[in-house]
Amino acid sequence: EDTGTQGEGHYQIELMVDRTRDHPPGIKVRELLTTAVLSYGLMENADLQVGLPHLRKHAHDASGRHAGQGLLDTSLDLKWRFFEREALSLALKPGIPLPTGDENRGFGTGRVTWGALLVFSYEPGPLAFHSHFGYRRNNNALDQRTSLWHLSGALTYRATGNLKLVADLSADTNPDGSRGGSLRYRILGLVYSPTPALDLDAGLKHGHGSAAADRAVLFGATLRW
């Protein structure tokens, strides 16, 4: 996440795929999360974003194999870049996840939640730093934690005119109230932009600690017009 916006009247569509493998005690879990996010520039420094995620999940334990799929909760966010001076910029991103997923099957919270991110970007040259800090009020019908915090930081390096390298570290509160430990991840990836309107990206994601998923492969494409 950075402070960039689309500009008034412009659109962006992001398509993301997150293929996760995890091995908690006594079970093997495979998940395929696909997400589409549409952004529209309300002003030069403000975007409206709608995200629609879908999850396919396979689990294998002592009782056999279990599979399920469905839509998750839809996200509705406003991204506002409120400060910009030379290479430094700040943005605020409040949002409301809507309960479109089926909480009885583990695909949603069952209630409207809310949260916000404070986003920081510093881009003095080919090497740039991005960070965001956020809170989510996780109202839910699943006996999860109701207060969730997020912190992440990323370094990007523009190796060529159309290739960017990315390293990201993040930590999130574990929503599972029965388990301790935060969800901590590191990501190494790259973004290739064959044209100014198109980005193609790929990455590897590794979890730290027993609470986080073991690893994931990430793919994405972004189109602007």
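Heavy-atom basis, side chains included; hydrogens, waters and symmetry copies ignored.
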With hydrophobic residues grouped by side-chain heavy-atom distances under 4.5 Å, do [X] and [Y] end up in a single group?
| X | Y | value |
| --- | --- | --- |
| L92 | F83 | yes |
| L155 | L165 | no |
| L188 | V17 | no |
| L48 | W114 | no |
| L223 | V191 | no |

Could you walk me through whether N45 and W80 satisfy the side-chain contact (heavy atoms from CB on, under 4.5 Å) test, starting with their C-alpha distance in whole Å, then the side-chain angles of each, then the deciding distance to 0.1 Å, before giving a yes or no? CA-CA 6 Å; N45 63 338; W80 171 44; 3.5 Å; yes
Strictly distance-based, threshold 3.5 Å: is any side-chain N or O of N138 a donor or acceptor partner for the main-chain N or O of R145? yes
If we ignore hydrogens and angles and just use 3.5 Å, is the side chain of R30 paired with the main-chain N or O of K57 as donor and acceptor? no
Answer whether the closest heavy-atom distance between the side chains of [X] and [Y] falls below 4.5 Å.
| X | Y | value |
| --- | --- | --- |
| L71 | F107 | no |
| L33 | T20 | no |
| S193 | T222 | no |
| R137 | N139 | yes |
| L204 | R215 | no |
| H130 | V119 | no |
| T109 | D73 | yes |
| N140 | E103 | no |

Partner of S170 under side-chain contact (heavy atoms from CB on, under 4.5 Å), chosen from K205, H150, R184: H150
Which one of K93, K79, R81 satisfies the salt bridge (Lys or Arg N to Asp or Glu O under 4.0 Å) criterion with D2? K79
To the closest 0.5 Å, what do you measure between [atom1] ([X]) and [atom2] ([Y])?
| X | Y | atom1 | atom2 | answer |
| --- | --- | --- | --- | --- |
| E123 | T156 | CD | OG1 | 6.5 Å |
| H208 | L169 | NE2 | CG | 6.5 Å |
| H132 | E1 | NE2 | CD | 5.5 Å |
| E8 | M43 | CD | CE | 8.5 Å |
| Y185 | D214 | OH | CG | 9.0 Å |
| L42 | D47 | CG | CG | 7.0 Å |

Compare every heavy atom of [Y] with every heavy atom of [X], then report the nearest pair and how far apart it is.
| X | Y | value |
| --- | --- | --- |
| G110 | P99 | C-CB, 3.8 Å |
| G134 | L117 | CA-CD2, 3.6 Å |
| S89 | T3 | OG-OG1, 2.5 Å |
| G51 | T74 | O-CG2, 3.2 Å |
| A221 | L200 | CB-CD2, 3.9 Å |
| P194 | L198 | CD-O, 3.5 Å |

What pairs of residues pass the ring pair (Phe, Tyr, Trp, His ring centres under 6.0 Å) test when at least one of them lies in residues 38-60, not counting sequence neighbours? Y11-Y40
Should M16 and L218 be marked as a side-chain contact (heavy atoms from CB on, under 4.5 Å) after you check the CA-CA gap, both sets of side-chain angles, and the distance that decides it? CA-CA 7 Å; M16 295 165 283; L218 312 175; over 6 Å; no
salt_bridge(R224, D199) N-O dist < 4.0 Å: yes
Counting only heavy atoms not in [X], do more than 12 fall under 6.0 Å of its [atom1]?
| X | atom1 | answer |
| --- | --- | --- |
| F120 | CZ | yes |
| R158 | CZ | yes |
| R56 | CZ | no |

All ring pair (Phe, Tyr, Trp, His ring centres under 6.0 Å) counterparts of F133, not counting sequence neighbours: W149
Check the pair D22 / E31 against side-chain contact (heavy atoms from CB on, under 4.5 Å), numbers first and verdict last. CA-CA 9 Å; D22 194 21; E31 293 184 346; over 6 Å; no
Under the salt bridge (Lys or Arg N to Asp or Glu O under 4.0 Å) test, residues paired with E44 that sit two or more places apart: none
